[in-house]
Amino acid sequence: MQDQENELPKAYEPRSVEQKWYEYWMQQGYFTAKIIPDKKPFVIIQPPPNITGDLHLGHALTATIEDIMVRRHRMLGEPTLWLPGEDHAGIAAQVVVERALAKEHLTRQQIGREKFTERMWQWVNGCRANISNQHKRLGVSCDWTRECFTLDPGPSRAVRTFFVKLYEKGLIYRGERIINWCARCSTALSDLEVEHEEVGSCLWYIKYPLEDGDGYIVVATTRPETMLGDSAVAVNPVDERYKSLIGRRIKLPLTERVIHIVGDDSVSTEFGTGAVKVTPAHDPNDFEIGLRHNLAIINILNNDVTINENGGKFAGLERFTAREAVVDELNSYGLLEKTEPHTHAVGHCQRCRTIIEPIASQQWFVKIAPLAEPAIKSVKDGAITILPERFTKVYLNWMENIRDWCISRQLWWGHRIPVWYCDCGQTIVTADEPDSCPQCGSTQLRQDPDVLDTWFSSGLWTHSTLGWPDDTPDLRYFYPTTVMETAYDILFFWVARMIMMGIENTQQPPFRYVYLHGLIRDEKGDKMSKTKGNVVDPLEMMDKYGTDALRFAIINGIAPGNDSKLSATKLEAGRNFANKLWNATRFVLRHDGAIVAISEDLSLRPLEDRWIVSRLGTVTQEVDSLLKKFEFGEALRSIHDFLWGEYCDWYIELCKPRLLDNPAVSPLSVLVGVLETSLRMLHPFMPFVTEELWQHINQAFNIGGGDSIMIAAYPLPVETALDMEAESTIGLLIGIVRAIRNIRAEYEVEPNRLIEAAIYVGGKQAFLLPYINAMEVLAKAKVSVHAEKQAEIPIQALCIALENCEIVIQMSSMFDIRLETERIEKELTAVLAEIRRLELLLADKAFSDKAPVTVVEKQKEKLDALLGKMARLVEHKERIK
RNA sequence: GGGCGGUUAGCUCAGUGGUUAGAGCGCUUGCUUCACACGCAAGAAGUCAGAGGUUCAAAUCCUCUACCGCCCACCA
């Protein structure tokens, strides 16, 4: 066994073992899910990372939490599928490649759609490999044989099939609506892709003259330039101020147009002047008013948000330049009544931060309410459970107020809309590219140039990855999946849509549980972002501390749905824990002997053996129940505290004397068994170090545990594990040892000096006797145990009362009383001298008046401390007299 | 405007009705103890944001207040 020890370095070196085991696991095919018809599978479809760059800590957290669940369920013997993939990430990825092009002073328009798409695919190939490799470094046990990409043929066909299906049901339509237009990306966006931000701006009050010259009506607006597209002024019909004006005509300033004043309920009488300019082409509210009053939709903007020909002389100006020009001109005509400061929310493009412009435009939409209804029901009924529970309300609130979803994007990267147009006017909507027009037979068909919102394909992910629309064995067996685990910030983008689409396509909710984790922030609590430069690279952390340390650091202390911060100290704690396990195992491996199961002959074993087995049982129970509740942070803490605070700090130490004495009942079986079981319990959290150590133990003690810890059994709670007698007695023992150590530290007893302690326990605890010897070394106390309390306690003794016993320590055993008395005298003299000096100093008026307050205070504090010290010394002197 | 979360030891956070509120890091003191200094032992440190209420019992449940953060939202 000595050789074995030589093989193991003194400290754990992650790099040397991680790659080895990952390759071994892959080569053994442990990650590949197998269909076992009579068993219920555990299934997680991994949230596919965007192919926009490197993995960040959020991905690491997602991957780790999912790996914990997956490894546990696999160890529990369930057929387990964790399906990995990547998302083409439509606009986000296109922005990344456009930026790369910009560095070459190129735009996508310059190189054309075909060349641009080629560039995209080049990027994808590099990025996907990168993402997979980073995932592998994290130790993820996902089934790489089933890896998917959203643009793969299968998922792509699912997208087209779904589109056609919804179109045929009348749930996808094309129409002119107000959409969010990003001029930089040159595309429409869904409402979710717009991020609102409060900005300080102005409210401009503009006079609109009545056509007949009979005065004017004042409207308030935050976007004066849009007046160029006004087609009415609206007032509330109940508003006494304006009631009589309804139907009157206005000469719209800066244009030649004459518009009407209309009455509409939607106008607030409270805000602004109570009269609102109506621009149906550039405001969702106005668009609705326009529909009700049959108003013209006058689009005044080009796609690059310059003013178009409808803006008359302002044509060609950029929107904000136009705003200034319009205001100036109005002012010069005396039509600007006033300007007020005004704060309001302005929409920005989620991907490029450009200010969004609402524009009426022809786009494709999903009529969402019919899809939302069963999705709401599935959560209300409890078919899907959202954790933590508070997100249920957030989900329902959004779903119940959901609005139609704009799914067409004027991008080049993504799933092309499966719609073809023929010159004869025919529109063909089909999953497979048509050869000719069914109406006129023409082969000159034009496919719709737009692509679909990237979330349109992600929403199908739970079943498109398993083969849908085909009826495949995977789909039949693994669907519906078990848990959808992801960050709470994509609850609407992704989770809600998966539920709607999953139910629509399969009549079943796509998963049983939604578990939402929080975001990882930097040490200051800021969201990590590349522009802020506060991004922590998981790869760097793994290089520096090891993968298990990173996994420990991001799981330890987290609560479901709560954000967390990552810091170097957490990573160090993880590394230290791995190292602690490494060394505990090294200690165990130094010993040799035959091993039996820990449950065998347990009742014949000494109390400390029964104690640690009982504690293991309790921890197993805790971990089981915590993991069932998705409390990963608490479960990890529980295992950590047990291994470090009980197994290493107490059990190993309790065993040391026994291992030297070579007693009749060797602790080795329990020493090995508890460690081996704990490693299995910890494995899902820290897969590499546990595999490495478990392999050593498995071989050295010939346990026959199998080829890998990752397919060994996960420890489950056993009813009989608890041993109250052992727990209370060893608990008492620990209390005694701590008390003695405490006294030794307090009296500064030399480390090697043995002290004499007598322990008095009630008659029932007399069995403590045989185990006191084991603790003697630890406590450096020569201990005698008495069943009953002696009538007389020796005078020069220290008495410590614990819950069930009393400890009496002879003062003379802690130090030589004569020498100690001399030492105290000496110290007292010195302390008294210093006290006198300080008292004189403080009494000196010259000092207290002239010295800075802080200096005086400091001296006072010093005096207080010395007085306290003197009191303690006097008390100590009295006691040992 | 609507909703949610947070406020616990110097720092980062667990704990959500039950004796004396925990951990990691930091701090103080002492240890080259034959697994580990990425360690061991001992210690100091908290009016659990504030106020009121329910209860035998509240950090935990209820109400209100304050501050911080987040999400949703078409009042121009």
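Computed from a predicted model, the values in this text were never measured in an experiment. Quick note on labels: first sequence line is chain A, next is B, and so on, each numbered from 1.
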Taking [atom1] from [X] and [atom2] from [N], how many angstroms apart are they, rounded to a whole number?
| X | N | atom1 | atom2 | value |
| --- | --- | --- | --- | --- |
| F577(A) | C36(B) | CZ | C1' | 13 Å |
| I386(A) | C4(B) | CD1 | C1' | 14 Å |
| Y747(A) | G43(B) | OH | P | 14 Å |
| E748(A) | G30(B) | CD | C1' | 8 Å |

Between A37(B) and G30(B) - C1' atom distance, rounded Å: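 These two C1' atoms come out 14 Å apart once rounded.
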Flag if over 12 foreign heavy atoms under 6.0 Å of CD, E340(A):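 Yes, the 6.0 Å shell around CD holds more than 12 heavy atoms from other groups.
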Partner nucleotide, any strand, of C61(B) [Watson-Crick/G-U, under 3.5 Å]: G53(B)
Does any nucleotide pair with G69(B) by Watson-Crick or G-U wobble geometry, both distances under 3.5 Å, and what is it?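 Paired with C4(B).
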Would you say R590(A) reaches A35(B)'s phosphate, i.e. side-chain N/O to OP1/OP2 under 4.0 Å?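 So the side chain of R590(A) is within the cut-off, an N or O lying under 4.0 Å from OP1 or OP2 of A35(B).
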Hey, could you give me the CD1/NE2 distance between I359(A) and H282(A), rounded to the nearest 0.5 Å? 6.0 Å
Pair R319(A) + E225(A), salt bridge at N-O below 4.0 Å: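 No.
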Basic-acidic side-chain contact under 4.0 Å: R615(A), E622(A): no
Between the base of C36(B) and the side chain of K10(A), is there any donor-acceptor pair under 3.5 Å? no
